Colleague: 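I'd like to ask you about the structure that follows.
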There are 2 protein chains.
Amino acid sequence: MKWKKTRPRGPGRRAASGEESRRRLIAAARAEFAQQGYRGTTIRTIAERADVTAAMVHYHFGSKHGLYLAVIRDTLEPVIATLQAGVQGEAQLADVIRSYMQLLQRTPELPLLIMRDVLADDGAMRESFIRDFAANAGRQIRALLEREAASGELREDIEPRFAAVSLLGMAVFPFLARPIAERVLNIDYDNDSLAALIDHTLRLFNEGARP
Amino acid sequence: MKWKKTRPRGPGRRAASGEESRRRLIAAARAEFAQQGYRGTTIRTIAERADVTAAMVHYHFGSKHGLYLAVIRDTLEPVIATLQAGVQGEAQLADVIRSYMQLLQRTPELPLLIMRDVLADDGAMRESFIRDFAANAGRQIRALLEREAASGELREDIEPRFAAVSLLGMAVFPFLARPIAERVLNIDYDNDSLAALIDHTLRLFNEGARP
DNA sequence: TTATTAATTAATCAGATGTTTAATTCGCCT
DNA sequence: AGGCGAATTAAACATCTGATTAATTAATAA
């Protein structure tokens, strides 16, 4: 005798199309990968969070690594779009930095995801990350700085490559080190505080800290 | 029949005192943890690198986590010493940043180790890290900045907390993002280039980038 | 309606991982 | 010399992990 009514949930296709499970898996994996790292995350944890079974990971993405790639692509899209829009639209450097930092605030797992990728010297993953994203973003930032330098808005004794890395550091580090910055340096991350931090960053870059 | 001569290596105490194995395990673990992360590193890998067996990890450190704690303490000691010497010796802010960045160059795995720790939200580990190190370092930096502010060497409209996080970002980020900075921004990390980067960082902080 | 295909679960597998235990060797103290 | 304790290894254990397979259900095409 079959208990169709009382069985909590068995195998078989669900009403919602498969695209729904796919999306939920990516969202769950993004959170877990950012918090626990790739190796620290099990597909069972991800599946439970997405309310499906572990086998769905392999059905939709082929492997844990395939899911990871999907997460990276999905998460990096808006960043690339932001930077490209900045350069192509001939925006000011200040505007690009501002929208970049705001994006980081809205996507707190982004720097964690990127950093775990950058730090690991596993190889394959990092190479593709640099090719598909970092090279692009780096070029955009350098292009912006060189444009400003060419129009005489930067000091001549400042090396644009160094300026780029310093600017990136000031923009990204507060989000990377957020748990420490919050508790040790008493930095807040609400909208108002973030606006103040952005203003501070741009002012410091432009005018320095000495009176 | 026992093959005392030909048996490659069996159990039993070795000539070198146990302190030697302990040191080698810490060194091996530091490299592996920095490269592969805590979860991505197996005690068998560490043991092989240190030329002992996995059981030695538990004999000397109780557990993998205990070894991790020992690595963190061992690696962080010189950083804390550097920062404390800076404050107690009433050094200039510039000197402290300079020696801090030089320390980061000499210990490339340090920022990876710290960041992996900061990023993970496992809990226990991060709390002790903040208590034992970050709180200390953060206070030192803030103390330095507030001393400079008090003696009128900082602009009054610059918030010392923000200045601290920006300065840390400029100092640490180049080492954190080193694989990307090298390949995407063409930054070098030899002694001369690093000296130039340090000068640039301090000049940018002091005087800004606008003409 | 019926056959086919897409989506899903439960069960299972082989390999890896942190840890424990028992046995073994060496240095040192009496 | 003898014995105790420190240091070390090999082997075994239980658990966890990514992946596979077979069965099952729902949507869809014929």
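Being a predicted model, the structure only gives us computed values, none of them experimental. Proteins come first, then strands; the chains are lettered A, B, ... in the order of their sequence lines, and each starts at number 1.
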Colleague: Are B:R178 and B:E182 close enough for a salt bridge, meaning some N to O gap below 4.0 Å?
Modeller: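 Result for this pair is yes, salt bridge flagged.
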
Colleague: Tell me, what's DNA chain C's dot-bracket, Watson-Crick or G-U with both distances under 3.5 Å, | for other-strand, [ ] crossing?
Modeller: ||||||||||||||||||||||||||||||

Colleague: Looking at side-chain heavy atoms only, is the closest gap between B:M170 and B:I97 below 4.5 Å?
Modeller: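 No. Closest side-chain heavy atoms not under 4.5 Å.
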
Colleague: Applying ring pair (Phe, Tyr, Trp, His ring centres under 6.0 Å), name anything that partners A:Y100, two or more places apart in sequence or on another chain.
Modeller: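 In terms of ring pair (Phe, Tyr, Trp, His ring centres under 6.0 Å), with neighbours along the sequence ignored, A:Y100 is linked to no residue.
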
Colleague: Distances under 3.5 Å between protein N/O atoms and the N/O atoms of nucleotides 11-17 of chain C, please, pair by pair.
Modeller:
none

Colleague: With a 4.0 Å cut-off on N to O distance, would you call A:E20 and A:R24 a salt bridge?
Modeller: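 Judged by the 4.0 Å cut-off on N to carboxylate O distance, A:E20 and A:R24 do form a salt bridge.
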
Colleague: Which heavy atom of B:L67 sits nearest a heavy atom of B:A29, and at what distance?
Modeller: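 B:L67 and B:A29 have their closest heavy atoms at CD2-CB, 3.8 Å.
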
Colleague: Give every pair of a protein N or O atom and an N or O atom of nucleotides 28-30 of chain D that lie under 3.5 Å apart, one pair per line with the distance.
Modeller:
none

Colleague: Base, sugar-phosphate alone, or nothing: which one does A:A54 contact when heavy atoms must sit under 4.0 Å apart?
Modeller: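 Answer is nothing: A:A54 stays at 4.0 Å or more from every strand.
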
Colleague: Counting only heavy atoms and a strict 4.0 angstrom limit, can you tell me which residues of residues 24-33 of chain A come near DNA chain D?
Modeller: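 Close to the strand, none.
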
Colleague: Please work out if B:V57 contacts a base, only the sugar-phosphate, or nothing of the nucleic acid, heavy-atom cut-off 4.0 Å.
Modeller: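 Result for B:V57 = nothing.
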
Colleague: May I have all residue pairs that pass ring pair (Phe, Tyr, Trp, His ring centres under 6.0 Å) and include part of residues 160-202 of chain B, sequence neighbours excluded?
Modeller: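 Found A:F162-B:H200, A:H200-B:F162.
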
